[in-house]
A.B. asks: 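One structure follows; several queries about it will come next.
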Amino acid sequence: MEFIEHADHEMLALALAGRIVSDLRRALVRRERAVLAVAGGSTPGPVFDLLGGFDLDWSRVDILPTDERWVPSEDPRANARLIRGRLMTDQAARARFVSLTTDAPTPEEGYPAVAEAVTPLLPLDVVLLGMGKDGHVASIFPEGDHLAAALDPAAPPVLPMNAPAAPEPRITLTLPVLRGAFSLHLMITGAEKRTVIERARGADPASLPVAALLDGAVVHWAE
Ligand code: 6PG
């Protein structure tokens, strides 16, 4: 794990947006299209706001959420709406959005079709994750009903997830997909989340899922 302490939230957002863009540029040298997966939540918003201002051939970039609420894509809680509204603006409006939902009534019914759409995009080039104070990443929650399956190295690329901490059913990229990314960035702020990262080193991922990702991750933190 690499831990980078930034002077403040603004410096964190600037440095991380620059790093994501250079990761994507490197990926576009290797292959025709690059894939970026980003978390929802409140923390990465300032990075989203900056990305579209960077010069990059965004028309060759696929963007997908690391996890999604099983709600219509225009729902205020949908990560699709957040990503389209805040990240895919300016130059990044030319990127292609890949949805993690379908018209199926539940993620249990819809996830095989999503898995089929996600598989050809793997391995992911760049992942930007946030983290909950309970150590969840994407929608891999400590008390999730498919927690063990999502942490399994042989897991399918996406799985449904229901958890007491999540008000609506979710779908999430699974551990092997997140760990398989060429670049894995974890963005956190505040003293409490830093403590969670310290506790997670060597912890059981069944109680702190972030523990399963730390060795390959770059953690970006500011107070
Ligand atoms: C989501 C996420 C989730 C998020 C954490 C942290 O869409 O909810 O992908 O894993 O990153 O819950 O959320 P905050 O950044 O709001 O603390």
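As the structure lists them, so they are numbered: ligands from 1, and atoms in each ligand from 1.
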A.B. asks: Taking side-chain contact (heavy atoms from CB on, under 4.5 Å) as the criterion, tell me which of Val158, Thr172, Leu178 meets it with Asp67.
C.D. replies: Thr172
A.B. asks: How far apart are the C-alpha atoms of Leu100 and Asn79, what are their side-chain angles, what is the distance that settles it, and do they pass the side chain to side chain contact (heavy atoms under 4.5 Å, CB included) test?
C.D. replies: CA-CA 10 Å; Leu100 287 192; Asn79 284 342; over 6 Å; no
A.B. asks: Say you draw a straight line from CG of Asp57 to CZ of Arg33; how long is it, rounded to the nearest 0.5 Å?
C.D. replies: 9.0 Å
A.B. asks: Look up atom CD in Glu198 and atom CG in Leu214, then write down how far apart they are to the nearest 0.5 Å.
C.D. replies: 11.0 Å
A.B. asks: Taking the basic N atoms (NZ, or NE/NH1/NH2) and the acidic carboxylate oxygens, is any pair closer than 4.0 Å for Arg170 and Glu68?
C.D. replies: no
A.B. asks: Show the atoms of ligand 1 that are less than 4.0 angstrom away from any heavy atom in Arg170.
C.D. replies: 8 (O)
A.B. asks: Under 3.5 Å between some N or O of ligand 1 and some N or O of Ala39?
C.D. replies: no
A.B. asks: With respect to atom 17 (O) of ligand 1, which of Met131, Arg77, Lys193 exhibits the smallest heavy-atom separation?
C.D. replies: Lys193
A.B. asks: Any idea which of Leu82, Thr172, Asp67 brings a heavy atom closest to atom 1 (C) of ligand 1?
C.D. replies: Asp67
A.B. asks: Is it the case that Arg30 places NZ or CZ above or below the six-membered ring of Phe182, under 6.0 angstrom from the centre and within 45 degrees of the axis?
C.D. replies: yes
A.B. asks: In terms of atom number and element, which parts of ligand 1 are under 4.0 angstrom from non-hydrogen atoms of Asn79?
C.D. replies: 1 (C), 7 (O)
A.B. asks: Tell me which protein heavy atom sits closest to atom 10 (O) of ligand 1, plus the residue, atom name and distance to 0.1 Å.
C.D. replies: Ala138 O, 2.6 Å
A.B. asks: Check ligand 1 against Thr43 and write out every atom of the ligand that is under 4.0 Å from a heavy-atom position of the residue.
C.D. replies: 14 (P), 15 (O), 17 (O)
A.B. asks: Going by heavy-atom distance to atom 11 (O) of ligand 1, choose the closest among Gly130, Gly45, Ser139.
C.D. replies: Gly130
A.B. asks: Any heavy atom of Arg69 closer to ligand 1 than 4.0 angstrom?
C.D. replies: yes
A.B. asks: Numbering the atoms of ligand 1 from 1, which are under 4.0 Å from a heavy atom of His136?
C.D. replies: 3 (C), 5 (C), 10 (O), 12 (O)
A.B. asks: To which protein heavy atom is atom 13 (O) of ligand 1 closest, and what is the distance rounded to 0.1 Å?
C.D. replies: Gly41 CA, 3.9 Å
A.B. asks: Output the distance between atom CZ (Arg19) and atom CG (Leu24), rounded to the nearest 0.5 Å.
C.D. replies: 12.5 Å
A.B. asks: Assess whether side chain to side chain contact (heavy atoms under 4.5 Å, CB included) is satisfied between Ile140 and Leu147, documenting all intermediate values.
C.D. replies: CA-CA 6 Å; Ile140 308 180; Leu147 172 66; 3.7 Å; yes
